[in-house]
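This report refers to the structure that appears directly beneath it.
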Amino acid sequence: MLNPAIEAHLLDVQKPSRYTGGEIGQIVKDKSDIAVRFAFCFPDIYDVGMSHLGMKILYSLINERENYWCERVFAPWPDMEEIMRQEHILLYALESGDEIRNFDFIGFTLQYEMSYTNILNMLDLAGVPVLQKDRGEQIFPLVVGGGPCACNPEPIADFFDLFILGEGEEVNLELMDLYHKMHQEHASRSEFLKAAAQIEGIYVPSLYETAYHPDGTVKSITPLEHAPEKITKRVITDMNQVYYPEQVVIPFIEPIHDRVSVEVLRGCIRGCRFCQAGFLYRPFREKSAETVCRQGVALCENSGYDELSLSSLSTSDHSQIEQILDKLLEYTEQEHVNLSLPSLRIDNFSKSVLDKVTTIRKSGLTFAPEAGTQRLRDVINKNVTEEEVMRTCKIAFEGGYTTVKLYFMMGLPTETDEDIIGIADLAQKVVNLFYDMPDRAKGKLQVSISTATFVPKPFTPFEFEPQTEKAEILRKQQILKKAIKSKKIKASMHISDVSQMEAVLARGDRRICSVIYDAWKSGCKLDSWEEFFDASRWYAAFEKNHLDPSFYANRTRSYEELMPWDHIDYLVSKKFLIWENQKAHAAQTTPPCREYCAGCGANQCLGRPCF
Amino acid sequence: MKDYRIIFEKKGISKYISHLDLNRCMIRAIRRSGLPAWYTEGFHPHLYLMFPLALSLGTESICEVMDFRLTEELPPEEILEKLNSALPDGLHAVSVGEPHMQATDITAAEYLVKLSAPEIPDLKSVLENFLNQPEILIQKKTKKGLKEIDIKPMLTIKNIDMQEQNLFLTAILPAGNDGNLNINVLTDAFQNYADKPIFIKSACRTKIFSENYQDFF
């Protein structure tokens with residue numbers, strides 16, 4: 001139900017249907033039947049949040065329970081925020097139009113670090129105290145967070161009542177059940193939090209005390225009130241049994257990804273050492289071809305979408321990918337559905353897979369070699385050879401593609417100038433390959449290279465590594481620019497202070513909370529939007545708190561150092577991360593999990609080898 | 001293969017769906033409905049769908065037109081039932097039939113606007129004075145910058161009626177290929193004319209005409 005106060009201003013804002021609700025697929029319930037209300041908040045605007053698969057899964061999962069109601073909440077664009085603040089309209093949930101401050105749970109999904117200020121801003125817009133300690137003893141609303149960035153929740157610990165670690169399909173309902181029971185028993189907030197801390201996968205930051213060494217590193221993290229020493233993430237062991245929605249909310253406006261998605265697998269067998277997702281989502285688990293096809297068809301039928309994406313960290317690593325494509329294509333071709341595989345890998349990108357995808361749609365190809373030389377690719381364990389890059393491009397060119405995008409990182413551990421020049425060389429070889437082909441496709445060739453600054457992340461073998469400083473990145477960019485000779489190569493090199501801030505927020509400790517708070521107070525929000533990010537405000541917030549961003553971003557951490565997230569267990573052992581780090585420095589690769597188990601430890605939750 | 005023309009309402013929150021988004025929304029609704037839609041042939045087949053006259057965001061309508069094609073002939077009731085079961089709140093198909101006219105035949109559209117102005121005691125005469133001006137000038141954005149045009153010759157006022165606190169204005173404005181006037185342009189001009197705030201409570205397109213005020217179908 002749309003609040004008339006909001007409706008009065010909807011024609012004054014861009015894309016008003018961001019704020020109306022009422023989409024096909026939304027779930028509306030009778031409030032009088034509801035025991036627990038959950039506001040699922042995506043800390044960015046509607047267009048971004050409505051593309052997010054995890055939210056779709058958990059929204060439907062909670063709503064499967066008759067007496068629980070989950071609704072959607074997004075950050076307003078500044079035009080709408082201004083009106084809300086002027087007219088004293090509090091942040092509301094789209095389905096009911098009700099203010100979320102009266103909900104039982106306000107849950108944020110933590111997808112990227114640069115969304116943190118949006119969380120504070122949304123709580124403030126909702127009329128909920130931003131700091132956990134100011135929320136009093138009333139049990140609701142409980143501010144909870146989950147998603148990949150919950151693996152190091154310390155920089156945002158002061159704003160949350162609790163974090164949900166790992167996959168939410170089981171633990172979210174366990175948590176809501178406990179709440180339902182304790183709410184009826186009139187428990188207080190702190191009583192509930194103490195009890196919730198006993199659920200596996202629930203981390204209650206207020207029950208832990210952090211002490212620091214004089215040099216600023218973490219000395220100890222001590223649990224209070226019988227909270228567990230280690231909090232272990234939750235894992236779904238059977239991907240064929242786990243809940244998956246067959247209907248989703250269909251936005252009126254066009255979101256970033258305007259399609260339905262079937263998750264085909266979780267985890268990744270590749271072990272790229274820079275990739276946080278590749279470690280966080282272990283162990284590797286697949287859905288059967290049958291499950292993938294059934295869910296894909298159901299989603300298309302129920303939504304009317306004409307694009308279906310097979311989503312995962314590396315879809316072509318599914319052991320039955322050919323069967324899945326064969327079976328799905330029977331349906332999609334007949335029903336005019338485009339099948340998209342957003343995460344093809346360069347090395348197992350076979351001609352037959354390409355043929356199958358191109359029968360549906362031709363668009364540019366995107367590859368991520370990540371590093372310019374074989375040595376550096378070995379360091380980061382991106383197990384891709386130059387021959388494979390060339391072979392794939394050749395297949396692509398033969399298939400009629402004329403645009404190739406190559407993604408690289410700059411500032412990787414052990415990187416030298418030679419590695420930077422290697423980026424230009426590799427792009428040049430792709431150009432040469434095209435013009436050496438007698439039967440090349442008509443049309444103009446364009447090879448785009450894009451470089452991003454490497455950000456070391458927790459729970460990766462590079463969590464110990466320093467981030468390269470801005471001046472050095474700028475120098476390397478100049479080297480790359482000079483090394484590019486062909487006009488067919490277009491290089492886009494982003495430099496921004498965002499990368500350093502991301503590195504700080506990713507590996508920060510609890511003292512960073514006050515930096516985020518002050519940055520938000522001084523006006524930081526929508527930091528992942530270039531037009532809003534303001535580095536000077538962030539630096540001022542660091543100064544105000546007598547903290548140095550380079551202590552967090554640009555310092556080498558020893559293997560012995562206690563990391564701010566070391567009380568949190570994502571199943572991949574620290575010993576393994578250290579070992580992988582040592583191998584990286586020796587430029588030794590680790591084969592994909594399917595070939596050889598490297599012993600990361602993630603399979604302990606399965607009680608068997610992954611393969 | 002059979003061409004159909006649907007007349008549908010766009011009311012309530014569906015008035016916030018932009019024209020482009022409406023196109024995507026309808027494609028999905030038709031796909032969900034299970035109707036045997038016809039797809040274009042060629043390299044990128046797509047569902048054939050056409051809106052002869054766009055409606056601006058924020059304006060409601062009881063007479064929107066959408067053309068599409070089915071691969072087979074079906075009873076009108078079945079088409080309406082299937083489509084309506086798939087449409088979101090506010091969008092509702094009211095009739096379906098074979099198209100008789102071309103999109104280029106559209107000449108005008110009728111609108112009903114509901115206005116209120118608590119600070120203006122005699123809103124009706126203010127509106128009448130506004131409409132009786134020798135010319136009604138508005139600023140129009142063009143590629144070369146702002147251009148002043150007189151919209152008065154384009155207006156046909158059918159009715160002005162005060163009911164309690166609300167003023168109802170029925171106006172016919174040019175629409176279609178040979179000139180189009182958005183109802184918001186008229187209401188904006190009126191809001192600028194008055195020295196006290198005027199609220200547009202709703203604006204609704206009530207008819208689409210072809211030549212000589214024949215109903216377009």
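Order of the sequence lines fixes the chain letters, A, B, ..., with proteins taken first and strands second; residue numbering starts at 1 for each chain.
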Checklist entry - Side chain, backbone, both or neither: which part of A:Ile253 has an atom under 4.5 Å from a heavy atom of chain B? => result both
Next on the checklist: Quick check on ring-ring contact (aromatic ring centres under 6.0 Å, His included): which of A:Tyr59, A:Phe42, A:Phe40, A:Phe74 does A:His52 satisfy it with?
Outcome noted: A:Phe42
Checklist entry - Between B:Glu148 and B:Lys140, does at least one N-O distance fall below 4.0 Å, as a salt bridge requires? => result no
Checklist entry - Is the centre of the B:Phe130 ring less than 6.0 Å from the centre of the B:Tyr193 ring? => result yes
Next on the checklist: Just so I understand: if I count every heavy-atom pair under 4.5 Å between each of B:Leu47, B:Asp89, B:Ile17, B:Ile30 and chain A, which residue has the most?
Outcome noted: B:Ile17
Item to check | Contact origin within A:Asp306 toward chain B - heavy atom pairs under 4.5 Å | outcome: both
Checklist entry - Relative to chain B, which segment of A:Glu301 carries a heavy atom at a distance below 4.5 Å: side chain, backbone, both, or neither? => result backbone
Checklist entry - Under the side chain to side chain donor-acceptor pair (under 3.5 Å) criterion, do A:Ser17 and A:Thr20 qualify, and how do the steps go? => result CA-CA 5 Å; A:Ser17 38; A:Thr20 60; 5.4 Å; no
Next on the checklist: Between B:Leu87 and chain A, with a heavy-atom cut-off of 4.5 Å, which part of the residue counts as in contact: side chain, backbone, both or neither?
Outcome noted: backbone
Checklist entry - B:Lys201 versus chain A, heavy atoms under 4.5 Å apart: side chain, backbone, both or neither? => result neither
Item to check | Side chain / backbone / both / neither for A:Glu7 at chain B, heavy atoms under 4.5 Å | outcome: both
Item to check | No-hydrogen, no-angle side-chain donor-acceptor test under 3.5 Å, A:Asn63 and A:Ser60 | outcome: no
Next on the checklist: Is B:Ala37 in contact with chain A via its backbone, its side chain, both, or neither, using a 4.5 Å heavy-atom distance?
Outcome noted: neither
Checklist entry - When rounded to the nearest 0.5 angstrom, what is the spacing between CG in A:Asn3 and CD in A:Glu87? => result 10.5 Å
